[in-house]
Structure formats: structure tokens, C-alpha cells
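All values below come from the heavy atoms of this structure, side chains included, with hydrogens, waters and symmetry mates left out.
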Amino acid sequence: MEIDLVGKTMENKQIIFKRYTNESVKETDMELKLGNPIKLEAPKGSNAVLVKNLYFSCDPYMRGRMRDFHRSYIPPFSPGSAIEGLGVSKVLDSDDPNFKRGDLVTGYTNWEEYTLIKKTNELRRIQQDDGIPLSYHVGLLGMPGFTAYVGFYEVCAPKKGDYVYVSAASGAVGQLFGQLAKLHGCYVVGSAGTSQKVELLKNKLGFDEAFNYKDESDLESALMRYFPQGIDIYFDNVGGGMLDAALANMRAHGRVAICGMVSQNNRTDPQSFRNMFSIISKRITIKGFLQSDFIHLYPRFLEEITGYYKQGKIVYIENMNHGLETSPAAFVGLFSGKNVGKQVICVATE
């Protein structure tokens with residue numbers, strides 16, 4: 001049916017980014033825009049593809065793009081334009097010989113019903129598998145899953161028997177990192193912000209232990225309780241006080257992978273650390289990383305993680321919202337802990 005629409009002009013609902021902010025992101029920083037017409041074709045000579053968007057990914061890194069800051073690894077959003085993010089889409093028309101009508105693809109798209117994608121070199125064709133939900137290509141088999149994979153195997157240099165701590169452990173990245181550590185023979189503890197998430201970590205995701213950091217008045221003491229022998233690997237999604245507490249509890253030659261710093265999203269003032277000397281005394285390695293630095297490993301990742309999932313060795317938890325108009329609330333919910341697992345927006349079905 002979509003192919004019959006090629007060449008026609010359709011209304012294209014969008015989620016528009018309104019303004020930069022250094023405060024907590026709000027739904028009113030975005031707005032639903034109606035009545036924006038788009039011609040459903042890829043113009044000749046454009047080398048572009050015209051897609052129908054099916055799923056959008058809500059990711060914490062997008063918060064950084066809502067600041068007027070131009071010295072990051074990815075540019076800020078443009079006020080007045082549709083929000084850009086990772087998604088799963090269906091090709092309706094193509095002027096790129098590498099893609100044809102009906103192809104399912106994943107990569108950067110806009111938060112709207114239809115998008116003309118010009119940077120087709122950044123798209124990946126999806127080999128559809130009935131055993132794996134399409135939405136997993138922005139989660140388990142997408143950027144979050146790949147981040148967990150390279151963070152564990154490439155950045156943390158794990159050894160069997162390592163003591164591993166994961167913050168924000170029930171999120172899109174942390175849940176897989178912890179499961180990979182368990183498969184590798186590590187002892188794994190995760191922290192999260194609700195009792196429901198703590199139970200999921202222990203009873204569904206297979207963590208050895210988990211705790212609600214909001215119930216702890218002293219994070220250093222909490223980590224000492226769960227790791228009396230110390231921490232070999234800390235996978236940090238939080239930064240701030242959590243990172244400081246972990247540094248105090250690291251073992252000699254411990255490894256810290258800095259994946260995210262969600263606690264710093266709205267900070268504009270510098271923050272001091274009390275336990276930095278541990279880096280010297282315990283010879284700790286701290287490394288920040290981007291999954292894009294390891295993109296050559298993606299085929300291996302896809303094969304291994306697909307195999308683990310089909311064999312039942314790993315599970316993946318999604319938080320699915322339905323409808324383009326739910327996107328702002330879903331995104332804002334990331335930063336108050338409303339989502340359980342990977343936050344995805346279902347915009348349309350095939």
C-alpha cells in the first residue's frame with residue numbers, strides 16, 4: 001500500500017525541538033507540529049531514500065543535544081526543526097542503488113512520520129528475522145546493545161571471576177552489560193532507582209545482587225557492603241557521586257568504563273571528587289568511549305548477540321510507547337526513571 005503512495009503529497013506530523021535548555025528537559029521543550037506536507041519520493045539525482053518511520057529510540061545522549069553546546073562528539077539539535085534520533089524505518093522510494101523499496105533500515109532519522117534521508121551511508125539494512133522484534137534494532141541489536149558489548153569486551157578487558165558493578169543497570173545499555181558479565185563468569189551487582197527495577201535485575205536479568213540507590217544515604221558504604229572484596233570493573237552510566245563512591249571501592253588495577261553521566265545532565269557548575277587519589281594508589285584505569293570507535297566489530301556483535309538471544313542466554317526488556325505524539329513524554333520520562341528497560345516509540349506498523 002505504501003508503494004502506491006509514492007509521488008503523492010501527504011501530511012507529515014513531526015516532533016519539533018523548540019529551544020535550548022540547561023534545566024531539566026520538559027515536554028514543552030518539544031511540540032507536535034501538524035500540517036507539514038511532504039512529497040513521498042526520493043528526487044532523482046539526490047542519492048537519498050524516502051522512508052516511513054516505524055520505531056524511534058529514546059536515548060539519554062539526546063539530552064546533550066538540547067544544549068547550545070558545539071564541542072561535543074555530535075552537534076546540538078536545531079531549534080525549529082524535527083528532532084533527530086535513531087530509528088527503524090521502511091524504504092518507500094530510493095535514489096540510492098544500495099537500497100530498494102520495501103527495505104527495512106536502521107540509522108538516524110527524524111521524529112516525524114516520513115523522512116527524506118540524505119546521508120544513506122549511515123543506514124544499515126535489516127535482515128528481518130521472525131524470532132527478533134524489529135524494535136530490537138534500536139535496542140538489543142542497535143546502538144545501546146553494541147555500546148554494552150564493546151564496553152564490556154573491549155574497554156573493560158574482563159576476566160572470569162571479576163567483581164562487576166553496573167549503575168543504571170536496568171536501562172537500555174546496563175541490562176545487557178550485566179548479562180554479558182554473567183555469561184563471562186563474573187560476579188555482578190547492579191543499582192537502579194525503584195524496587196521494581198531491583199527485582200527485575202535479580203529475578204529476570206540474572207544479576208547476583210541489586211540495590212536501590214535512592215534507599216542508600218551513603219553510597220560508599222553501600223558499595224562496600226555489596227563488594228567487601230572491592231570492585232574490578234565499574235560500568236558507569238551515572239557519574240557524579242556514584243562514580244566517586246565506586247572509586248573508593250575499586251580493587252588494585254580496576255577498570256572503569258565511562259559510558260554516560262546522567263547525573264550531570266543539568267549541571268552547569270563544577271563538581272569536586274573526594275576519591276581521586278584512588279586512581280593512583282590502586283592503579284585504576286578510567287576510560288571514556290563511544291561505540292562508534294568500534295564499528296568494525298559490529299558484524300561480530302550482531303552474530304553473537306543474536307545467537308545468545310535465540311538460545312535464551314540473554315533477555316531484553318523494552319518500554320514501548322505508541323504514537324508519535326507520545327514521544328516528548330517518553331523522552332522526558334527517561335530522566336525521572338519512568339521507563340523500565342529500553343524506551344522505544346512505535347510510530348507505525350509496516
Side-chain angles (χ1 to χ4, degrees), residues 55 57-60 129-149 151-153 156 158 160 162-216 222-223 225-227 231 233-238 242 257 259-260 262 301-302 304-322 330 333-346:
Y55 296 98
S57 177
C58 287
D59 297 299
D129 186 321
D130 291 338
I132 296 180
L134 262 183
S135 57
Y136 277 23
H137 289 274
V138 291
L140 177 65
L141 301 180
M143 180 272 290
F146 189 48
T147 299
Y149 182 86
F152 183 65
Y153 291 113
C156 290
K160 185 176 181 180
D162 275 346
Y163 294 93
V164 176
Y165 173 49
V166 187
S167 58
S170 66
V173 180
Q175 60 172 300
L176 180 58
F177 187 96
Q179 291 180 85
L180 292 176
K182 284 300 299 176
L183 286 172
H184 201 72
C186 301
Y187 177 83
V188 185
V189 177
S191 61
T194 69
S195 57
Q196 176 196 12
K197 293 176 181 178
V198 168
E199 290 306 308
L200 279 172
L201 290 172
K202 292 192 291 187
N203 298 329
K204 185 164 185 175
L205 295 170
F207 284 54
D208 293 289
E209 276 292 349
F211 66 94
N212 184 344
Y213 70 91
K214 294 178 181 177
D215 292 341
E216 303 292 342
L223 290 177
R225 191 167 73 246
Y226 286 99
F227 294 98
I231 301 168
I233 291 174
Y234 171 41
F235 190 68
D236 185 24
N237 291 296
V238 175
M242 187 70 82
C259 176
V262 70
F301 152 79
L302 188 62
E304 289 184 15
I305 299 304
T306 298
Y308 284 154
Y309 180 76
K310 288 186 171 182
Q311 294 163 32
K313 292 182 177 180
I314 58 173
V315 297
Y316 201 66
I317 300 171
E318 274 188 331
N319 200 108
M320 183 76 72
N321 284 39
H322 293 269
L334 283 178
F335 306 102
S336 59
K338 287 185 178 179
N339 63 299
V340 178
K342 167 63 188 169
Q343 181 63 63
V344 181
I345 309 297
C346 178

For this session: Could I get the full list of side-chain contact (heavy atoms from CB on, under 4.5 Å) partners for Cys346, not counting sequence neighbours?
Result: Tyr55, Met320, His322

Exercise. How long is the gap from CD1 on Ile233 to CZ on Phe152, to the nearest 0.5 Å?
Worked result: 5.5 Å

For this session: With sequence neighbours excluded, give me every salt bridge (Lys or Arg N to Asp or Glu O under 4.0 Å) pair touching residues 180-191.
Result: Lys182-Asp208

Problem set entry | Within-4.5 Å side-chain heavy-atom neighbours: Leu302 and Leu141 | yes

Exercise. Under the salt bridge (Lys or Arg N to Asp or Glu O under 4.0 Å) rule, what pairs show up with a residue in residues 304-319, not counting sequence neighbours?
Worked result: Asp129-Lys310, Arg300-Glu304

Exercise. Which atom names give the shortest non-hydrogen contact between Val198 and Ala210, and what distance separates them?
Worked result: CG1-O, 3.7 Å

Seminar exercise, completed: Nearest heavy-atom contact between Phe211 and Ala222 is CE1-CB, 4.5 Å

For this session: Sequence neighbours left out, what passes side-chain contact (heavy atoms from CB on, under 4.5 Å) with Gln343? Give chain and number order.
Result: Cys58, Asn319, Asn321, Ala330, Leu334, Asn339, Ile345

Exercise. Among pairs that include at least one residue of residues 185-197, which meet side chain to side chain donor-acceptor pair (under 3.5 Å), considering only residues two or more places apart or in two chains?
Worked result: Tyr165-Ser191

Exercise. Val188 and Ala181: which non-hydrogen atoms are nearest, and at how many Å?
Worked result: CG2-CB, 3.5 Å

Exercise. Just by distance, do the side chain of Gln179 and the backbone of Val315 share a donor-acceptor pair under 3.5 Å?
Worked result: yes

Problem set entry | Set of residues satisfying side-chain hydrogen bond (donor to acceptor under 3.5 Å, both in side chains) with respect to Ser170, sequence neighbours excluded | none

Exercise. Partners of Phe235 by ring pair (Phe, Tyr, Trp, His ring centres under 6.0 Å), sequence neighbours excluded?
Worked result: Phe177

Problem set entry | ring pair (Phe, Tyr, Trp, His ring centres under 6.0 Å) against Phe301, all qualifying residues, sequence neighbours excluded | Phe146, Tyr149, Tyr298

Exercise. Which residues satisfy the side-chain hydrogen bond (donor to acceptor under 3.5 Å, both in side chains) test with Glu209, sequence neighbours excluded?
Worked result: none

Problem set entry | Beyond-backbone contact of Ile314 with Leu140, side-chain heavy atoms, under 4.5 angstrom | yes

For this session: Give a yes or no on whether Tyr136 atom OH has more than 12 heavy-atom contacts from other residues, nucleotides or ligands under 6.0 Å away.
Result: yes

Problem set entry | side-chain hydrogen bond (donor to acceptor under 3.5 Å, both in side chains) partners of Tyr234, counting only residues at least two apart | Ser167, Asp236

Exercise. Got a sec, which residues hit side-chain hydrogen bond (donor to acceptor under 3.5 Å, both in side chains) with Ser57, two or more places apart in sequence or on another chain?
Worked result: Asp59, Lys342

Problem set entry | Smallest separation among heavy atoms of Cys259 and Val173, with atom names | SG-CG1, 4.2 Å

Problem set entry | Considering all heavy atoms, the nearest Pro144-Tyr316 contact | CB-OH, 4.1 Å

Problem set entry | Least distance between heavy atoms, Tyr309 atom then Pro133 atom | OH-CD, 4.2 Å

For this session: Please identify each residue that fulfils side-chain contact (heavy atoms from CB on, under 4.5 Å) with Leu200, with sequence neighbours left out.
Result: Lys204, Ile317, Val340

